[in-house]
Number of protein chains: 2
Amino acid sequence: MLTKQRHQLILQRLSEQKIVKLKELVELTASSESTIRRDLTDLEAEGYLERVHGGATLVARYEEEPTFEEKRDQHVDEKVAIARKAATFIEDGMSVYLDAGTTTQAMVPFLDGKDVIVVTNSLPIANDLFDLDIKTFVIGGELKRSTQALVGYNARESMMNYRVDLAFLGINGVDLEAGYTTPDPEEALVKKTAIELAREAYILADDSKFGKRSFSRVAPLEAATLVTWSDSSSVSSIQSITKVVNAQ
Amino acid sequence: MLTKQRHQLILQRLSEQKIVKLKELVELTASSESTIRRDLTDLEAEGYLERVHGGATLVARYEEEPTFEEKRDQHVDEKVAIARKAATFIEDGMSVYLDAGTTTQAMVPFLDGKDVIVVTNSLPIANDLFDLDIKTFVIGGELKRSTQALVGYNARESMMNYRVDLAFLGINGVDLEAGYTTPDPEEALVKKTAIELAREAYILADDSKFGKRSFSRVAPLEAATLVTWSDSSSVSSIQSITKVVNAQ
DNA sequence: ATGTTTTTGAATGTTTATGATTGTTTTTTA
DNA sequence: TAAAAAACAATCATAAACATTCAAAAACAT
């Protein structure tokens with residue numbers, strides 16, 4: 001019997017029962033214990049099952065997810081509030097740049113029906129805009145795995161072809177001394193270029209980003225207007241350096 | 001026994017069982033192990049099966065149920081056959097351009113696991129590539145409503161930044177006199193540029209496109225290799241002008 | 001008919017899969 | 001808690017499957 005056949009048999013049996021004994025599999029496949037042990041080790045490494053003493057169980061696949069989802073949901077109201085506020089700065093006839101990110105993506109629904117041209121480096125945002133029938137330009141570049149954003153040198157080059165009235169960007173760190181910072185240098189390059197090319201730039205960030213510093217510097221605080229949602233006092237110190245809009 | 005006969009037998013047996021042992025095939029075809037091994041290697045390279053130790057299995061292609069539009073399209077099998085054949089020209093280490101279109105998009109599954117860099121102007125293709133963890137560059141440009149492709153002058157400019165080994169393009173018309181043609185001038189501009197920049201260019205078209213002429217000329221027939229699926233005699237006249245690969 | 005290319009099967013050394021054996025760890029039983 | 005039983009990981013030799021090479025045979029073109 002072929003290895004792959006055994007693997008299929010094991011997974012099939014497991015999906016029926018959700019727990020299976022090693023001895024059972026030895027009988028089922030007419031193989032030695034050693035072989036079945038190896039199979040279970042391999043299948044576990046591939047994430048198909050979880051070994052237990054005496055056999056294997058179906059992996060509980062959906063346990064880790066909620067942590068990430070919950071975390072995102074906590075700030076989801078703030079995000080929409082910030083996005084809504086930011087969108088109010090956009091007037092008919094304008095061209096705007098929407099940087100990749102969940103907060104900027106949340107702006108898209110507020111563009112519905114407006115007469116705007118959008119430039120973006122985000123595939124998800126481009127898809128959303130496509131559904132709304134908004135004139136859209138996508139800048140070129142390398143597709144970054146984690147964020148589905150187009151980044152790097154080519155993205156900067158491509159972006160130079162566009163001039164926009166307003167640019168809206170997400171950010172990872174907002175700090176009095178370090179300014180706006182983000183972890184990925186290639187993303188930072190794109191953000192920096194966007195701020196340079198726009199007539200006015202807006203950074204969208206909830207107050208969980210305040211005081212944080214990431215590796216790559218995008219711009220000093222005064223280079224952009226900060227759109228946030230905060231009742232903490234930390235806003236006031238930023239307010240002395242650059243213009244701040246509170247969505248609250 | 002002819003090679004093609006053996007291949008058909010192997011695929012037939014495989015479609016019946018979905019896994020088959022090498023020894024089984026040796027018996028079935030009365031050929032040597034060496035020959036069967038060669039067959040399996042070839043068929044794997046063409047994307048028909050996956051070799052495993054001791055035999056071969058059907059490709060674990062996640063069976064996407066065809067949408068209504070796809071179902072209505074009676075050329076869907078031809079499309080996959082053409083895409084499969086076209087993908088065999090791609091070798092590890094190459095960079096390729098995938099033009100927007102359903103046929104070129106059908107090539108994406110056959111890139112799984114290959115060591116390639118892909119440049120594309122298609123948002124759907126970029127999304128598919130994203131799922132396969134393939135290094136991807138997207139060219140910039142205006143997002144065209146009907147096809148979700150990036151086109152126009154900016155797309156051409158952005159594409160100039162890349163050199164690819166192979167370019168794969170769909171087309172609307174293949175005509176002896178008019179050459180390759182497509183309705184949208186902005187798309188034609190992008191296609192034309194792709195053919196210029198690629199070391200070799202392949203046009204993917206089923207024989208329903210033969211003899212058709214659209215508004216915008218992309219290139220003369222001899223500028224690219226035609227990959228098609230046809231048993232009609234109309235192929236032979238094209239064959240006298242440019243290289244033709246029949247996926248049949 | 002002749003030379004060339006393609007296909008084939010055998011021979012080779014190499015890699016991979018397997019089952020038995022060992023001693024260790026975990027679980028069960030007394 | 002201690003002893004026995006079961007399950008385990010690690011190692012080894014063997015056998016099966018493998019890629020590669022080569023020479024003969026077949027198909028092909030000239």
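FYI, side chains are in, hydrogens and waters are out, and symmetry mates aren't considered; it's all heavy atoms of this structure. Just so it is clear: chains get the letters A, B, ... in the order the sequence lines come, proteins before strands, and each one is counted from 1.
- A/Lys23 comes within 4.0 angstrom of sugar-phosphate atoms only, judged by non-hydrogen atoms across all strands, and of no base.
- For the pair A/Asp39 CG and C/dA17 P, the interatomic distance rounds to 10 Å; values are reported in whole Å.
- Rounded to whole angstrom, the span from the CD atom of B/Glu33 across to the P atom of D/dA15 amounts to 17 Å.
- One atom, CG of B/Leu22, and another, C1' of C/dT15, lie 16 Å apart when rounded to the nearest Å.
- Put simply, CE on B/Met1 is 16 Å from C1' on D/dA26, counting in whole angstrom units.
- Annotation: cation-pi pair B/Arg217/B/Tyr180 absent, no NZ/CZ under 6.0 Å from the ring centroid and within 45° of its normal.
- Distances shorter than 4.0 Å separate some side-chain N or O of A/Thr35 from OP1 or OP2 on C/dG19.
- Rounded to a whole Å, the CZ atom of B/Arg37 is 13 Å from the C1' atom of C/dA10.
- At a cut-off of 3.5 angstrom, the base of C/dA17 holds no donor-acceptor pair with the side chain of A/Thr3.
- If A/His53 and A/Ser34 are placed on DNA chain D by their nearest nucleotide, the residue sitting closer to the 5' end is A/His53.
- The nearest pair of heavy atoms linking B/Ala126 to B/Val138 is CB-CG2, 3.9 Å.
- In this structure, A/Val26 reaches neither bases nor backbone, as no heavy-atom distance under 4.0 Å exists between it and the strands shown.
- One interatomic measurement links the two molecules: CD1 of A/Ile36 to P of C/dT18, which rounds to 9 Å at whole-angstrom precision.
- Under 4.0 Å is where a charged nitrogen must lie from a carboxylate oxygen, and between A/Arg145 and B/Asp133 at least one such pair does.
- In this structure, the NZ atom of A/Lys21 is 12 Å from the P atom of D/dC8, given to the nearest Å.
- Residue B/Leu2 contributes atom CG, which lies 9 Å from atom P of D/dA27 at whole-angstrom precision.
- Under 4.0 angstrom from either OP1 or OP2 of C/dT18 there lies at least one side-chain N or O belonging to A/Arg6.
- The residues A/Lys144 and A/Glu186 are annotated as not salt-bridged, no charged nitrogen and carboxylate oxygen being separated by less than 4.0 angstrom.
- Of the two residues near DNA chain C, B/Ala30 and A/Arg38, the one whose nearest nucleotide lies more 5' is B/Ala30.
- Nearest heavy-atom pair across B/Ala219 and B/Ile195 is CB-CD1, 3.9 Å.
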